[in-house]
Amino acid sequence: MGRRDLFVFLVLGCCLGVARGDLTMVPLSSWSITGDFGDVLALNGYPVDRLIVGKSVFANPPGTSANEPAEAADDFTLKTAACADNEPWVKTVFTQPVRIIFLLEKNGNDSGTIQGLDAKGDPVGGSVKFTGGSVYWKSTGYLASELSTQQIAFGAVLTSDSPIYGILITAPGIDPVSIMAVGGEVRLSSGPQPAPGATDVLRDVAMSWTPGEKAQMHDVYLGTVLADVNHATRTLPLNVLVSQDQDANSYDPGLLEFGRTYYWRIDDVNAKEAKVYKGDVWSFTVEPFAYPIPGNKITATASSSQDGDTGPEKTIDGSGLVNGQHSSEMKTMWLSGPGDPGSAWIRYDFDRLYKLHQMLVWNYNGPSILTGYGLQKGTIEYSQDGTTWTVLPNAGEFAQAPGGDGYASDIALDCAGVVARSIRITADSNWGGSIFNQYGLSEVSFLYVPVAARAPHPADGAVGVDPQAVLSWRAGREAGIHQVYLGADIGSLAVAGTISEPRYEMSVELGRSYVWKVVEVNEARVPASWASDVWSFSTAEYLVVDDFESYNEAQGKGTRIYEAWMDGWTDPKKGGSQVGYQTAPFTERQTVHGDKQSMPLSYDNTGATTFSEAELSLASADWTRAGVKALVLYFHGAAGNTGQLYLKVNGTKVVYNGDAADIGKPQWTQWNIDLGSLGVNLQKVTALTIGIDGTGAKGTLFIDDIRLYRVAPALPQEQIWIEAEATTTMTPPLLVYTDKLDASGGKYLGSPDASLARTTAAGPGTDGTGLATYRFTVKGGTYTIRVREIVPSTSSDSWWVRIQGATLNTKIHVSGWIQWNNAPVSESWSWNFIYSSDDGGKTVLFTLPAGTYTLEMAYREDGCLLDALVITAQ
């Protein structure tokens with residue numbers, strides 16, 4: 001059955017609730033299938049929107065033959081499965097719980113029962129009887145060639161109040177049947193932003209969500225008490241119903257409280273059903289008013305320390321702190337030396353200026369009486385340059401520590417928003433009076449108001465960034481305008497834009513590194529500007545024209561590969577080309593260059609046509625942005641392919657500039673095209689065409705990863721293709737075979753006797769049997785060798801390899817040969833690098849001076865098949 005006339009049944013669904021634990025028959029008052037391929041089902045006038053596909057297992061009574069199980073399908077396609085009349089039952093297990101089941105049967109003339117199954121596949125609840133020809137059967141009026149044009153009848157429509165995981169159909173005879181099921185739970189509004197449990201959320205956050213399947217309007221609940229938000233209703237709003245019957249999928253709560261946790265809920269309102277679907281309760285926590293300066297951004301010094309274990313750094317490194325509570329371990333605190341009584345000080349220098357909100361202090365918390373070392377009174381000063389100091393007023397008295405584990409800070413000094421880069425505390429007295437002549441602190445934390453830009457996006461150090469991405473950041477708390485600086489390095493930073501919102505649409509080049517910063521400006525404040533840290537990112541190496549990953553088999557969505565790439569099937573002006581396979585999946589999923597899919601392009605230039613083309617329409621794409629200079633694509637040939645590959649940009653043709661025979665090589669080949677040489681308007685590219693010229697040419701190509709580069713990746717400096725059968729010498733039992741149509745050049749190398757093996761330490765030996773040699777010439781350098789092979793089993797998976805005169809990066813077997821063992825088992829041709837089993841499977845690098853060499857390959861375990869070898873310079 002071809003792709004253009006494939007009949008599929010696409011079923012969409014709704015959820016109905018009835019008796020718990022049982023299935024219940026629902027009469028069909030009306031329903032319809034619409035669309036060219038029957039792609040929409042309406043049940044009782046209500047369109048169904050979701051399908052779950054199960055795998056059916058047909059049980060056969062003794063003496064009968066087994067039938068194939070129902071075919072697996074994606075979310076929108078289900079094919080019929082034949083079941084003979086003498087089979088007594090069909091068991092189907094669904095991929096997830098369901099509430100509605102449709103039975104699609106050939107003639108609608110059978111009778112029997114349907115039983116629900118639980119998650120284990122065991123019966124649950126009572127069964128439901130169905131009778132052929134009853135009111136539950138309705139003619140579709142739809143013909144399907146899969147069933148010999150028999151008219152299909154729509155069978156039992158069943159619902160369950162509790163989800164079931166499968167059904168068991170029992171009947172004396174069942175005609176060809178398909179089973180479809182609709183998901184068991186109503187999809188409520190989801191995808192909340194902020195995400196559930198999010199912290200440090202902006203206080204002017206814009207809340208949003210994705211509507212549920214039943215939602216026509218929304219009720220929004222928001223509050224700070226979980227129970228209120230969970231239990232509130234329209235009739236009992238509890239002061240948390242903040243919006244009712246709103247159409248928008250977002251809500252602006254205004255400015256929220258700093259540091260507060262909020263709970264919210266979205267109910268989906270369906271006026272047609274006169275029903276409200278209660279949503280889940282989510283939560284988020286608003287940003288605090290002030291943040292602690294990280295300890296790694298602070299340098300602590302002191303007038304003295306008792307010893308190396310009690311230095312000033314102990315007050316900022318978090319040692320002794322667990323969940324904000326300090327221990328009494330003395331080695332986790334600072335203690336001054338005994339030599340500077342009355343003049344001891346400790347100083348903190350930050351990495352930059354901060355607007356300080358509070359200073360939290362844990363006083364010296366030594367065991368018992370040793371808390372007397374703790375500061376009682378002191379002078380606190382701040383400085384912006386480390387030279388000029390100003391006293392911080394209202395320091396007050398430092399509370400004495402309790403002298404035991406679990407000590408929470410009870411000293412919070414108000415910094416009144418002073419701008420400082422340094423803080424100095426000079427001891428005036430301690431809690432020990434004249435008994436102690438030393439001073440100490442356990443921990444100090446500085447809280448600052450975030451007035452500088454922070455939280456950059458892309459994150460600092462990000463790679464692969466789109467050159468036209470939006471730079472964004474968390475704005476400084478007092479910012480009026482934002483100055484964005486952008487450059488290739490710190491020395492070249494310059495103002496790229498002055499903007500009112502914390503986002504900047506940049507336009508830079510591919511494959512480069514950049515640095516940037518933001519200066520927040522508010523002339524009404526002192527200081528008037530705050531510079532952020534300097535951040536960096538690297539842009540992506542390329543832009544994607546088509547990587548073929550977005551295509552699927554969905555019908556009516558325009559997402560099938562042949563709906564994007566026009567071919568000769570769709571448009572005869574494109575010649576003898578066909579994009580995609582006849583049946584799903586339409587893309588290639590085995591032979592791929594990157595990720596999971598490539599484009600199969602079949603061509604046949606026989607008859608009236610001498611060319612074949614596939615064309616992708618583009619919406620006036622700009623191929624000059626981001627410094628683009630080159631178009632790169634990868635193609636994979638196949639044995640027997642003929643013709644001349646070419647490409648067109650806006651109709652201007654460029655012929656493949658490599659070896660024309662590459663089209664017949666079953667490996668990925670890189671093609672670089674200099675766009676500047678085409679002479680077309682690259683700012684408005686509307687069409688990209690891939691074609692093959694040549695009368696009588698035919699074959700299949702795979703195309704993948706069409707990209708735009710500023711600097712195209714270098715092509716291999718040297719690549720030598722060798723057909724495995726093109727030996728210089730070959731000795732039995734090695735033979736050349738021609739029975740695999742997909743072999744390169746139609747031939748391959750192997751051995752007829754799989755009982756042979758040469759796996760001893762001696763290696764291939766000197767008898768000269770089972771040896772293939774190849775002469776080749778190189779320019780000189782380091783090379784890898786890849787082999788296209790079939791490895792039938794783990795006992796037929798290896799070769800001995802040698803190039804005399806080569807220097808290797810790997811260990812060599814005691815025999816003097818490379819032992820290439822344990823290649824991946826594959827029933828079809830696959831490419832593998834030659835590696836050393838004696839060196840952990842490391843790929844062998846052959847370093848060869850310029851000259852001519854002989855590659856020797858001898859079987860180690862007979863049965864492995866060779867098709868082609870590629871020697872590539874690194």
Side-chain angles (χ1 to χ4, degrees), residues 464-471 486 496-497 503-512 514 539-551 557-575 577 579-580 587 593-594 597-599 601 603 611-635 644-657 670-693 701 703-713:
V465 175
D466 188 318
Q468 291 188 316
V470 174
L471 299 177
L486 179 63
R503 59 191 311 274
Y504 173 73
E505 297 181 11
M506 68 174 179
S507 181
V508 293
E509 292 190 338
L510 289 164
R512 293 192 183 277
Y514 293 90
T539 54
E541 293 295 323
Y542 57 83
L543 301 175
V544 174
V545 177
D546 200 342
D547 59 10
F548 304 97
E549 299 304 318
S550 63
Y551 303 115
K557 306 294 184 181
T559 55
R560 294 180 174 182
I561 191 168
Y562 56 78
E563 293 174 319
W565 287 83
M566 295 295 102
D567 58 13
W569 187 314
T570 303
D571 179 2
K573 294 180 181 178
K574 299 293 185 290
S577 60
V579 169
T587 53
H593 178 263
Q597 297 190 149
S598 66
M599 179 175 76
L601 173 58
Y603 60 96
F611 69 95
S612 297
E613 292 184 344
E615 181 175 299
L616 176 68
S617 294
L618 302 168
S620 295
D622 183 356
W623 283 10
T624 64
R625 71 184 183 98
V628 166
K629 301 294 183 183
L631 174 69
V632 176
L633 64 81
Y634 296 85
F635 65 89
Q644 175 63 60
L645 179 64
Y646 65 88
L647 179 145
K648 292 180 181 177
V649 176
N650 285 356
T652 296
K653 185 176 181 179
V654 54
V655 176
Y656 174 59
N657 57 357
Q670 176 183 327
W671 182 11
N672 294 352
I673 298 101
D674 176 12
L675 290 173
S677 66
L678 299 182
V680 300
N681 183 0
L682 295 173
Q683 291 182 318
K684 293 183 177 180
V685 177
T686 58
L688 172 65
T689 304
I690 298 171
I692 302 92
D693 265 334
L701 275 179
I703 309 295
D704 204 356
D705 291 332
I706 305 176
R707 301 166 174 172
L708 299 171
Y709 284 84
R710 181 177 60 85
V711 179

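Both backbone and side-chain heavy atoms feed into the values below; hydrogens, waters and symmetry mates do not. Numbers here are sequence positions counted from 1. Remember, predicted model here, so these are calculated numbers, not experimental data.
The two residues Pro713 and Asn672 have their closest heavy-atom pair at O-ND2, 3.0 Å.
Atom CG of Leu675 is separated from atom CG of Leu708 by 6.5 Å, given to the nearest 0.5 angstrom. The line from CG of Asp705 to CG of Leu633 is 9.5 Å long, rounded to the nearest 0.5 Å. Rounded to the nearest 0.5 Å, atoms CD (Glu615) and OG1 (Thr689) are 4.0 Å apart. Here the CG atom belonging to Leu647 is positioned 12.5 Å from the OH atom belonging to Tyr656, to the nearest 0.5 angstrom. Note that the CG atom of Leu631 and the OH atom of Tyr709 stand 10.5 Å from one another [nearest 0.5 Å]. A distance of 9.0 Å separates CZ in Phe611 from NZ in Lys653, rounded to the nearest 0.5 Å.
Using modelled atom types, one side-chain atom of Arg710 and one backbone atom of Leu510 make a donor-acceptor pair closer than 3.5 Å. Using modelled atom types, one side-chain atom of Ser577 and one backbone atom of Gly568 make a donor-acceptor pair closer than 3.5 Å. Of the possible donor and acceptor atoms, one in the side chain of Gln597 sits under 3.5 Å from a partner among the backbone N and O of Tyr551. Put simply, the side chain of Asp704 gets close to the backbone of Gly594: a donor and an acceptor are under 3.5 Å apart.
Checked for salt-bridge contact, Lys573 and Asp567 miss the test: no charged N lies under 4.0 Å from a carboxylate O. In this structure, Arg512 pairs ionically with Glu509, as a charged nitrogen and a carboxylate oxygen lie closer than 4.0 Å. Comment: Glu613 engages Lys648 in a salt bridge, judged by a side-chain N to carboxylate O separation of less than 4.0 angstrom. With salt bridges taken as basic N to acidic carboxylate O contacts below 4.0 Å, one links Lys574 and Asp571.
Side chain to side chain, Thr652 and Asn650 fail the donor-acceptor criterion of an N or O pair below 3.5 Å.
Atom OH of Tyr542 has 12 or fewer neighbouring heavy atoms from other residues, nucleotides or ligands inside a 6.0 Å radius. Residue Gln644 qualifies as enclosed at atom CD: its count of foreign heavy atoms under 6.0 Å is above 12.
Between His593 and Tyr634, the angle of the ring planes stays under 30°, which puts this pair in the parallel group of the 30/60° scheme.
A centroid separation of 6.0 Å or more is found between the aromatic rings of Trp569 and Tyr562.
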